[in-house]
There are 2 protein chains.
Amino acid sequence: MTKRVTVHDVARAAGVAIATVSRVVNGVPTVGEDVRARVQAAIDELGWKPSMAAQSMRGVSTRMIGFIFSDIRNPIYSAMVKGAEGILSEHGYMIMVASSDGSSERELALLDLFRQRGAEGVIFAVQDESNPKVLAKVRSGNLPVVLLERELDAPVNAVGADHLSGTRRAAEYLISLGHRRIAMITGGNGTRVARDRLLGLRQAHEQAGLTVDPQLLRLDSFSTEYAYREMQMLLSLPQPPTAAIVLGMPLLSGVLPAIRISNRRIPEDISLIASNDSELAQLATPPISVIRYDAHALGNEAARMLLRQLKGEVPPDKIRIQIPTELVLRGSCASPAQ
Amino acid sequence: MTKRVTVHDVARAAGVAIATVSRVVNGVPTVGEDVRARVQAAIDELGWKPSMAAQSMRGVSTRMIGFIFSDIRNPIYSAMVKGAEGILSEHGYMIMVASSDGSSERELALLDLFRQRGAEGVIFAVQDESNPKVLAKVRSGNLPVVLLERELDAPVNAVGADHLSGTRRAAEYLISLGHRRIAMITGGNGTRVARDRLLGLRQAHEQAGLTVDPQLLRLDSFSTEYAYREMQMLLSLPQPPTAAIVLGMPLLSGVLPAIRISNRRIPEDISLIASNDSELAQLATPPISVIRYDAHALGNEAARMLLRQLKGEVPPDKIRIQIPTELVLRGSCASPAQ
DNA sequence: TTGTAGGCGTTATCAT
DNA sequence: ATGATAACGCCTACAA
């Protein structure tokens, strides 16, 4: 490991002052052609790259954006990261990621850690929208934030999918097939996403003059185990649901075996609509109908929004960009048995 | 956006010199109890966090590690990232990620970008093990590197799964069921992983006194489309395979529909073994036998290896840590029809 | 057009 | 035990 090569080394090699080297790399026009060439040659020769640490001390942008979510293994989040990366890398930005594992304390710490490391903004899927400490930290405005699928009582912009319409259309469809007992399994209780979904379910019912049976609502977790357990319990109810809307990637993997082990068939005994789309949903037998949205595009939008904020083109002010959802019908829905 | 709070602010507030503030945060013992308390109070009061940019200029570790792979959306990679994050965050490190999208040029650029941003090491799934430029850059030793599932002709340590044994056992099992025409679909041609897998297939055949029919080898891509197309072509061969080993996450999603559309049944018409394990493999009908390895643990090991290298406990020298693979039998294999 | 010098926020080396 | 001060590598007035 040789010593770091600095402007001074380049300047000496090119026989100029360090200021001239700086001018060359920063494209300042007032530099003679011959000098510019000599300096460039020295730079290439020595393989010098300006130290970002030194630059950022001078107030130059670090071009780093932080990402906080519960777990990068959730394919929704990795798709969003990839989507954001596409936009951000075009603008010279790089991405730092960190998992909160669902802890608000950890989120708080991560916000500080990111800032300390010079992140210029954070794309953030808050765990608990009502945690006062997180709220205060975001409100402090120390670090520009774009919310992912969340809503906060603070002047922060957000990007999210239109879960309300998606869930409403799914419920409307099931109701139109004749279903009257529609279960819903999802998590994120207390978040914008969960509120939208529940509202969508309610709206579809009201519109048809029906009411939602609270017994059929299981809204407490996104875990596979939860879905497995609750689906079994739902199916062993005296009046089991004839259809279920299962919202959240890991849940489908719990619901499918629960239905199988309870000896029910899809769609004859129970109709199913899941979200988001996945290879499992596409390739299951029968293929599962889903509410689909483009997580990659959502990542794109989040990045664009943050970039606009950094450029000052847009104020941080509860602006919300909405990505459409789409109901994809496959073989998992039918009219209920008489 | 208020101005940054610095040591000077804290020093002034506590009525001490900046050096003393520095001593307090760095836990230097030669500080009076009263002074230490006063300084700490001022720090908490102002919410001061030392600027990492300034620190790293002084040669203090930035505690940042870079990750390069083709696409974070591959669940294998996101699992590895999560695994590495678990270890790294315990040691105060944070993670930067970037996708190469399969381009060696991009990899080269990313290596520079990471270094420029102060990364202390990189965990790297090289795309092309024989690219001379990448090889040269890694050899330059500018940035400590740990290879993920790869091998390079350079003094670099690596972490990978034992694909040779895994594939050999899978092939042995199929041969023991009576299969004589075993196809293999996978990608990454020219990488260590691909070599190991092919060797495993060969070893199992040789041991049984059989030879591998090169017609049944499709080794050119990890894409779903590739698997879909090649599987259909394999099945329409005059002498189609009676079994297939399909190695690579996205491939199973191509193979399954290809088999379905060709009107074959698993395992009656064709036996199938896939890798790595996935929800799709578990929940398909029938459930698919797989060669499984723990990508999360692999990420753990990569992080540990890099940490040891950074501490100087281990030299960069082609050390390879191997994670075991396991053959998980499910309902996708049977003896071939007569 | 090019060079000199000051300062960004820390840490570390001197003094005191 | 504490304070003053010199780096670290870079950018940018300002001077020449």
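A, B, ... follow the sequence lines: proteins, then strands. Residue 1 opens every chain.
Shown here are the salt bridge (charged side-chain N to carboxylate O under 4.0 Å, His left out) partners of B/R73, two or more places apart in sequence or in another chain: B/D71. With sequence neighbours excluded, the residues satisfying side chain to side chain contact (heavy atoms under 4.5 Å, CB included) with A/S22 are A/N26. Every residue meeting the side chain to side chain contact (heavy atoms under 4.5 Å, CB included) condition with A/N131, not counting sequence neighbours, appears here in chain and number order: A/S104, A/D128, A/K133, A/V134. For B/R308, the side chain to side chain contact (heavy atoms under 4.5 Å, CB included) partners two or more places apart in sequence, or in a different chain, are B/R304, B/M305, B/E313, B/V314, B/I321. Shown here are the side chain to side chain contact (heavy atoms under 4.5 Å, CB included) partners of A/A303, two or more places apart in sequence or in another chain: A/A84, A/I87, A/L88.
Counting any heavy atom pair closer than 4.0 Å across all strands shown, A/S51 reaches sugar-phosphate atoms only and no base atom. Using a 4.0 Å heavy-atom criterion, one finds that B/H8 contacts the bases of the nucleic acid, with or without backbone contacts as well.
By the 4.5 Å heavy-atom criterion applied to side chains, A/R150 and A/T191 are counted as neighbours. Side-chain contact between A/I65 and A/L310: present, with at least one pair of heavy atoms (C-beta onward) separated by less than 4.5 Å. Contact check for A/D153 versus A/R139: side-chain heavy atoms found under the 4.5 Å cut-off.
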Determine all donor-acceptor pairs shorter than 3.5 Å in which one atom belongs to a side chain in residues 40-50 of chain A; sequence neighbours excluded.
{"from": "A/Q40", "atom 1": "NE2", "to": "A/D44", "atom 2": "OD1", "distance (Å)": "3.1"}
{"from": "A/K49", "atom 1": "NZ", "to": "B/D112", "atom 2": "OD2", "distance (Å)": "3.4"}

For residues 51-58 of chain B, run the donor-acceptor check on the side chains, cut-off 3.5 Å, and write out each pair with its distance to 0.1 Å, sequence neighbours left out.
{"from": "B/S51", "atom 1": "OG", "to": "B/A53", "atom 2": "N", "distance (Å)": "3.3"}
{"from": "B/S51", "atom 1": "OG", "to": "B/A54", "atom 2": "N", "distance (Å)": "3.1"}
{"from": "B/S56", "atom 1": "OG", "to": "B/A53", "atom 2": "O", "distance (Å)": "3.3"}

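Remark on DNA chain D: of its neighbouring residues B/A54 and B/V31, the 5'-side contact belongs to B/V31, judged by nearest-heavy-atom nucleotide.
Screening residues 85-141 of chain B for ring pair (Phe, Tyr, Trp, His ring centres under 6.0 Å), with sequence neighbours left out, gives no hits.
Between B/A119 and B/G66, the shortest heavy-atom contact is CB-N, 4.2 Å.
The stretch residues 111-121 of chain B does not touch DNA chain D, since none of its heavy atoms comes less than 4.0 Å from the strand.
Across A/E129, A/E149, A/E151, a single residue satisfies salt bridge (charged side-chain N to carboxylate O under 4.0 Å, His left out) together with A/R192, and that is A/E151.
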What protein N or O atoms touch nucleotides 3-6 of chain D N or O atoms at under 3.5 angstrom, if any, and at what distances?
{"from": "D/dG3", "atom 1": "OP2", "to": "B/A17", "atom 2": "N", "distance (Å)": "2.9"}
{"from": "D/dG3", "atom 1": "OP2", "to": "B/T20", "atom 2": "OG1", "distance (Å)": "2.7"}
{"from": "D/dG3", "atom 1": "N7", "to": "B/R23", "atom 2": "NH2", "distance (Å)": "2.6"}
{"from": "D/dG3", "atom 1": "O6", "to": "B/R23", "atom 2": "NH1", "distance (Å)": "3.4"}

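Within the helix from C/dT1-D/dA16 to C/dT16-D/dA1, the inter-axis angle between the opening and closing five-pair segments is 50°, rounded to 10°.
The phosphate of D/dG9 (OP1 or OP2) has no side-chain N or O of A/Q55 nearer than 4.0 angstrom.
Protein chain A contacts DNA chain C over a range whose 5' and 3' limits, counting nucleotides with an atom under 4.0 angstrom from a non-hydrogen atom, are C/dT1 to C/dG9.
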